[in-house]
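Read through the structure below, which is laid out as C-alpha cells, and then see the notes.
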Amino acid sequence: MQPFHRAVLSLSSHSPPSLISSPPPHSVLPLARTASSSSTGSGFSASLTGWEMFLPTGCLLLSVLLFHPALAKVCNDRTKHGQDNSWFTRDGENLPIMVLMPMNESALMSSISQGIEPAVQLAIQHIRESRKYSFSLITKIYDTECDNAKGLRAFFDAICYGPKHLMIFGGVCPSVTSIIAESLEGWNLVQLSFAATTPVLADKKKYPNFFRTVPSDNAVNPAVVKFLNFYNWSRVGTLTQDVQRFSEVRNDLTNELEKADIQIADTESFSNDPCVNVKKLKDNDVRIIIGQFDENLASKVFCCAYNLNMFGSKYQWIIPGWYQGNWWEQANSTNCTTKKLLTAMEGYISVDFEPLSARQIKGISGRTPKEYEREYSRVLQQKGVEASKFHGFAYDGIWVIAKTLTRVMELLRIKQRQNTYHNFTVDDREVGKMVLDVMNETNFYGVTGQVMFRNGERMGTIKFNQFQEGQEVKVGEYNAIADVLDLINNSIRFQGVEPPKDRTFVRLQRRHINVPLYSILSTITILGMLMAGAFLFFNIKNRNHRLIKMSSPYMNNLIILGGMLSYASIFLFGLDGGFVSDKEFETLCTVKWQQFIHEMLTVEEYSLEADPQGRDIAIRPFLEHCENTHMTIWLGIVYAYKGLLMLFGCFLAWETRNVSIPALNDSKYIGMSVYNVGIMCIIGAAVSFLTRDQPNVQFCIVALVIIFCSTITLCLVFVPKLITMRTNPDAATQNRRLKFTQNQKKEDSKTSTSVTSVNQANTSRLDSLQTDNHRLRMRITELDKELEEVTMQLQDTPEKTPYIKQNHYPDANNILSIRNFTDGKDGEKSILKNHLEQKPQAQWGSMDPSRINRGPLEDINSPEHIQRRLSLQLPILHHAYLPSIGGVDASCTSPNGSPGSSPRHRHMPPSYRVMVSGL
C-alpha cells in the first residue's frame with residue numbers, strides 16, 4: 001500500500017473528533033441515510049459506480065470522506081476503535097467477526113459460500129461446546145457479490161456501521177479479496193481467507209495482513225516437482241491458458257522446476273484453440289505435460305491430444321484437480337465424442353489440495369475428519385444446500401481465529417497486569433501487530449490436516465488423483481510441512497508396463513554381425529582353408545613329378561597361400577566392436593586394409609527406429625567404420641594395381657593359349673579364374689557399398705564373394721591336375737615314339753595336331769614328312785615279311801643259299817639301316833629322307849665281285865656266312881616273335897637308346913645285346 005493511501009486510511013480511523021466532528025453546511029444528509037441501510041446489500045452502490053470503482057482502496061475511501069462529510073461523521077461515531085479496549089478484560093464477551101463472501105445466488109462463485117455457512121456455524125458451536133474459550137464468536141456476513149465495487153461497499157459498511165470487528169474472515173473472489181486485502185494494513189485488521197487460492201495474494205509486501213487456511217494454487221507446484229522426481233522425470237513441458245491466474249501458477253512452477261534442475265522443454269500458452277500448441281509440444285518430443293487451464297478448455301485440449309495421438313503409454317498429463325465432477329460431459333464443446341475424450345483422458349494425474357485429511361486423527365475439536373464430515377453432511381441435509389469443497393478450511397479457519405484471539409487476550413492481560421499505573425490502554429495498531437505475530441505461530445491439527453502458516457501461506461496437504469476408467473481415484477498425497485510424498489501402493493495405473501518416459505530415450509545400438517551368421521560363414525571358410533591346405537600338400541608332395549614340375553609348383557604354392565589369406569580375411573571382416581574393444585578394433589582396421597598408415601575409428605549414426613519389442617524407447621543404430629583421411633586415394637590405388645594385375649594375367653593367358661603341352665597350357669583355366677574374380681569383385685564392391693549400413697548383409701556378401709572367388713580359382717588350377725594324376729599318371733612323361741599299330745597312328749595324329757598348333761607356318765612340311773614316315777613304315781613292314789620268308793627258306797633249302805646271298809643280302813642291310821634311322825628322333829627324319837634319296841634301293845641280284853668266283857658250299861659253310869646268318873635270324877626273332885609272348889618292343893632297337901633301358905631286356909644276356917646293337 002502506498003504511503004498516501006495509508007495516511008488516508010489512518011486519518012479515517014484515528015482522526016480526532018475535532019477534525020471531522022462538525023459537518024459543513026453543504027453536507028448531504030440523505031446519503032447517510034442511504035448508507036445506513038447498506039448492510040443489507042443495497043442502496044450504496046450508486047455512489048460507487050463510474051471511475052471510483054477503479055481507484056485504489058485508499059483513494060476510494062478518501063473520495064467518500066471528502067465528498068460525503070456527513071457520512072464521515074457517522075463512521076467516526078460508529079468506530080471508536082482507539083477508545084474501546086476493554087474487550088479482552090471480560091469473560092463471556094461476544095467478539096464480532098466480519099465475514100466477506102458472495103451470498104447472492106446470481107453472483108459468481110456463490111455456490112461456494114452456500115456450503116460455507118453451515119461449516120462456520122458448526123465450528124462456532126464446537127468452540128462453545130469445548131468450554132475452553134472465555135468468549136463467543138459472532139459472525140456477521142457481508143455479501144460481496146463477487147463484484148469489486150459491491151465488495152468495497154460491503155467492506156466499508158462493515159467498518160462504518162458494524163460493530164468493532166477484531167478480524168476479517170472470508171474472501172472468495174480473487175479480485176475483491178485482493179482489493180480489500182491491500183487496505184488491511186491501514187485499518188490494522190487481519191484477514192483470514194478459506195477459499196481465495198490466487199497466487200497474487202502470496203505477495204507479503206503488498207498483502208502483509210492476509211492469511212489463508214486454504215493452500216494457494218502455487219502450493220501444488222512443490223508437490224508436482226516431488227511427483228516428477230519420484231518417477232525421475234527431468235524433462236517436462238507446460239501448456240497454460242492465457243489467464244492471469246494460470247500464468248502466475250506457471251511462473252511459480254518454472255521457478256520450482258529450475259530449483260529442482262528439471263528441464264522445461266517447451267512452454268506453450270493459448271487463448272482459445274490449443275491444438276497448435278499441443279502439436280508443438282509433440283514436435284518437441286514433450287512426454288510429461290503440465291497443464292494449467294479450466295474445464296471449459298480442458299475438453300478442447302484432450303480432443304487435440306486424441307487427434308494427435310498424444311495419449312497412452314508414452315504420455316503423462318498433469319492437470320488441476322479442482323474441476324467439477326463429470327466436467328468432460330458438461331464442458332464438451334468440441335467435435336470429439338465423449339468416448340474419444342475418455343480415451344485421451346485415461347490416466348491423467350490431477351493435483352489439488354486435500355479438502356479433508358485422510359488421517360483419522362482427532363484434532364483440536366476432538367473429532368476426526370470423518371466424524372466432522374458426518375456432522376457437516378447432516379447440517380447440509382437440514383438446510384438443503386450443497387456441500388462446498390472449502391468447508392473444511394472454513395471450519396479450521398474459525399478455530400484459528402478462536403485460538404488467535406485467545407492468545408492475544410492472554411498477552412494483553414499479561415501486559416495489563418504488568419502495568420503499574422493501572423491505566424493500561426492499547427490501540428488498534430498494537431492489537432493488529434499482536435494478531436499478526438500470533439497467526440504466524442499457529443500450529444494445530446484440524447480436519448484438513450496440520451494447520452500451519454509460512455509467511456501467511458497455509459502449509460497444507462496436496463492430493464494426487466488419477467483418472468481411471470471414467471472416474472478419479474486417489475493415488476497419493478503430499479505433506480507440505482514434512483515435504484514428503486506418499487503414494488498409495490499399486491494404485492497408479494500406467495498405460496504401459498512402466499511409467500512413461502520424460503522424453504524419447506534414444507538407446508544407441510551397435511549394428512554388429514549376428515553370431516549365427518558369423519558361425520556359418522566361418523565354418524564354410526574353415527572348409528575352404530582345409531581344401532587349400534590339401535592342395536598345398538598335394539603340390540608339395542608331387543613337386544618332382546613331371547606334370548607338377550612343368551606347371552611351376554612354386555607359383556602354385558603362392559596361389560594357395562593367397563587363397564588361404566583371402567579365407568582368413570573373412571574372420572577379420574566379421575570382428576567388430578561387438579566382439580573386441582575399440583583399441584583392438586582399430587588394430588583390426590589396419591590388418592583388414594593391409595595398410596600401415598594411421599587409421600581412425602569413426603562412428604556413423606543413423607535415423608531413429610522404433611523398438612522392435614514395443615518398449616517406449618527409440619533405437620538409434622550406429623556403425624563403426626575404419627577410415628582415414630586418405631581413404632579414397634588408398635582405395636583407388638588398391639583397385640588400380642589389382643586391376644592391372646588381372647589384365648596382365650589375361651594377357652599372359654592369351655599369349656600361351658596355343659601351348660601344346662597340357663601340363664603347361666593353363667590359359668583356359670586362368671581366363672576363367674580372372675573372369676570369375678573380376679565379375680565377383682565388381683558385384684561385391686558395388687553391393688558392399690550399397691549395404692554399408694547393413695553389416696550383416698555386407699559381411700555375408702563380402703564373405704561369399706571371397707569364398708566363391710578363392711574356391712573357384714583353386715579348383716580351376718588344381719582339380720584338373722588331380723584328375724590327370726589319378727587317371728593317367730604318365731601323361732606328361734609318355735614317350736611319343738612311333739608304334740606300328742592303329743593306336744600309334746591315332747597318337748601320331750594327335751601329336752601331329754599338337755605340333756601343328758605350335759607352328760602354323762610348318763604345317764605343309766610336317767604333312768609331307770608324316771606321309772613319308774608312313775610310307776617308309778609300310779615298306780619296312782613288307783621287307784620284314786620278305787626277310788622272314790627268305791630266312792625260313794634258307795633253313796629248309798640250303799641249296800638256294802647262293803641265290804639268297806646274291807640277291808637278298810644287300811636288301812637286308814638296307815632294312816637294318818632304315819630301321820635305325822626310323823627309330824630315331826623326329827629331327828632325324830630329314831636325314832632318313834636324304835639317305836633314301838641319295839641311295840636308292842639296290843637290286844636284289846647285285847653281288848660283291850670279289851665273291852662271284854667262290855663256290856656255293858664253301859661260302860655257305862664258311863664262318864663268315866654262319867655269323868651273318870645268325871645276325872639275321874636273331875633280329876627276326878627279336879622283332880617278330882618275342883613281342884607276341886611278352887618280349888621286347890620293336891621300338892627298343894633304336895641305336896640311340898640301348899635295349900637294356902627297357903625293363904623287358906634286363907633278363908637277356910649281354911652277348912645278344914651286343915649283336916643286336918652291332919647290327
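Here the structure is a predicted model, which is why all the values come from computation and not from measurement. The figures here come from the full heavy-atom set of this structure, side chains too, leaving out hydrogens, waters and symmetry mates.
For Tyr395 and His126, the ring centers sit closer than 6.0 Å to each other. Taking the ring centroids of Tyr478 and Phe464, they lie at or beyond the 6.0 Å cut-off. Here His165 and Phe155 keep their ring centres 6.0 angstrom or further from each other. The distance between the ring centers of Phe390 and Phe353 falls below 6.0 angstrom. Ring centroids of Phe494 and Tyr231 are separated by less than 6.0 Å, placing the two rings close together.
Side-chain contact check for Glu117 and Gln121: no donor-acceptor pair (N or O, by modelled atom type) lies under 3.5 Å. Counting only N and O atoms by type, the side chains of Thr144 and Arg153 include no donor and acceptor under 3.5 Å apart. Side chain to side chain, Asp252 and Asn221 meet the donor-acceptor criterion of an N or O pair below 3.5 Å. Between Asp352 and Tyr323, the side chains place no donor N or O within less than 3.5 Å of an acceptor N or O (distance only, hydrogens not considered). Of the N and O atoms on the side chains of Thr213 and Asp396, not one donor lies less than 3.5 Å from an acceptor on the other residue.
Electrostatic pairing of Glu329 and Lys339 does not count as a salt bridge here, judged by no charged N lying under 4.0 Å from a carboxylate O. The pair Glu354-Lys474 counts as a salt bridge, with a side-chain nitrogen and a carboxylate oxygen less than 4.0 angstrom apart.
Between Gly456 and Lys204, the shortest heavy-atom contact is CA-NZ, 3.7 Å. For Ala195 against Val214, the heavy-atom pair with the smallest separation is N-CG1, 3.7 Å. In this structure, Ser178 and Leu201 approach most closely via the heavy-atom pair CA-CD2, 3.6 Å. Taking all atoms of both residues into account, the shortest heavy-atom contact from Val176 to Gly151 is CG1-CA, 3.9 Å. The minimum heavy-atom distance linking Val426 with Glu430 is given by the pair CG2-OE1, 3.4 Å. Scanning both residues, Pro118 and Val379, for their nearest heavy atoms gives CB-CG1, 3.6 Å.
Within the 4.5 Å cutoff, the side chain of Met167 has heavy atoms near those of the Leu405 side chain. Residues Gln466 and Arg493 meet the side-chain proximity criterion, which asks for heavy atoms closer than 4.5 Å. Within the 4.5 Å cutoff, the side chain of Phe211 has heavy atoms near those of the Asn440 side chain. Considering only heavy atoms from C-beta on, Trp317 stays 4.5 Å or farther from Ile349 through its side chain. Annotation: side chain of Pro102 is in contact with side chain of Asp143 (closest heavy-atom distance under 4.5 Å). Trp322 is listed as a side-chain neighbour of Asp294, based on a closest heavy-atom distance under 4.5 Å. Looking at Asp486 and Asn479, their side chains never come closer than 4.5 Å, going by heavy atoms from C-beta outward. Gln191 is listed as a side-chain neighbour of Ile180, based on a closest heavy-atom distance under 4.5 Å.
Not one N or O on the side chain of Glu182 forms a donor-acceptor pair closer than 3.5 Å with the backbone of Lys206. Judged purely by atom type and a 3.5 angstrom limit, Gln468 uses its side chain to pair as donor or acceptor with the backbone of Ser491. Judged purely by atom type and a 3.5 angstrom limit, Ser388 has no side-chain atom pairing as donor or acceptor with the backbone of Gly115. Looking at Arg212, its side chain does come within 3.5 Å of a backbone N or O of Ala196 through a donor-acceptor pair. Glu256 contributes no side-chain N or O that, together with a main-chain N or O of Val225, makes up a donor-acceptor pair within less than 3.5 Å. Gln316 places a side-chain N or O within 3.5 Å of a backbone atom of Gly347 that can act as its donor or acceptor partner. Checking side-chain atoms of Asn455 against main-chain N and O of Glu457 turns up no donor-acceptor pair under 3.5 Å. Without hydrogens or angle criteria, Ser299 side chain to Asn296 main chain gives a donor-acceptor distance under 3.5 Å.
In this structure, Glu410 CD and Ser134 OG are separated by 8.5 Å, a value rounded to the nearest 0.5 Å. Between the CD atom in Glu185 and the CG atom in Asn209 there is a gap of 5.5 Å [rounded to 0.5 Å]. From Ile116, atom CD1 reaches atom CZ of Phe393 across 10.0 Å, with rounding to the nearest 0.5 Å. Summarising the geometry, atom CD1 belonging to Ile168 is positioned 4.5 Å from atom CE belonging to Met98; distances are rounded to the nearest 0.5 Å. The CH2 atom of Trp399 sits 5.5 Å away from the CD1 atom of Ile364 when rounded to the nearest 0.5 Å. Glu477 CD to Ser357 OG: the interatomic distance, rounded to the nearest 0.5 Å, is 6.5 Å.
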Stepwise salt bridge (Lys or Arg N to Asp or Glu O under 4.0 Å) test for Arg407 and Glu441: CA-CA 10 Å; Arg407 179 57 180 165; Glu441 297 174 358; 5.1 Å; no
Chi angles and distances behind the salt bridge (Lys or Arg N to Asp or Glu O under 4.0 Å) call for Glu129, Arg367: CA-CA 12 Å; Glu129 293 174 355; Arg367 295 168 177 81; 3.5 Å; yes
Full working for salt bridge (Lys or Arg N to Asp or Glu O under 4.0 Å) between Lys150 and Glu145: CA-CA 7 Å; Lys150 295 179 180 180; Glu145 301 186 36; 3.0 Å; yes
Ile138 vs Ile97, side chain to side chain contact (heavy atoms under 4.5 Å, CB included): CA-CA, chis, key distance, verdict: CA-CA 6 Å; Ile138 304 299; Ile97 302 298; over 6 Å; no
Test log, rule salt bridge (Lys or Arg N to Asp or Glu O under 4.0 Å), inputs Asp428 and Lys164: CA-CA 11 Å; Asp428 294 339; Lys164 181 180 180 181; 3.7 Å; yes
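Cation-pi geometry between Lys389 and Tyr376 is not satisfied (NZ or CZ under 6.0 Å from the ring centre, within 45° of the ring normal).
The environment of Gln360 atom CD is dense: over 12 non-hydrogen atoms of other residues, nucleotides or ligands sit within 6.0 angstrom. Taking a 6.0 Å sphere around CD of Gln244, one finds it holds 12 or fewer heavy atoms contributed by other residues, nucleotides or ligands. More than 12 heavy atoms of other residues, nucleotides or ligands sit less than 6.0 Å from atom CD of Gln382. Enclosure of atom NZ in Lys403 is not indicated, since only 12 or fewer non-hydrogen atoms of other residues, nucleotides or ligands lie within 6.0 angstrom. Open room surrounds CZ on Arg359; 12 or fewer heavy atoms of other groups in view lie less than 6.0 Å from it. By the neighbour-count criterion of 12 heavy atoms within 6.0 Å, atom NZ of Lys383 is densely surrounded, having more than that number from other residues, nucleotides or ligands. Heavy-atom contacts from other residues, nucleotides or ligands closer than 6.0 Å to CG of Asn94 number more than 12.
A side-chain contact (heavy atoms from CB on, under 4.5 Å) with Trp187 is found for one member of Leu184, Leu189, Val190 and no other, namely Leu189. The only option from Thr197, Thr240, Asn218 that meets the side-chain contact (heavy atoms from CB on, under 4.5 Å) definition with Val249 turns out to be Asn218.
Using the six-membered ring where Trp is involved, Phe302 and Trp327 have ring planes that are tilted, between 30° and 60° apart.
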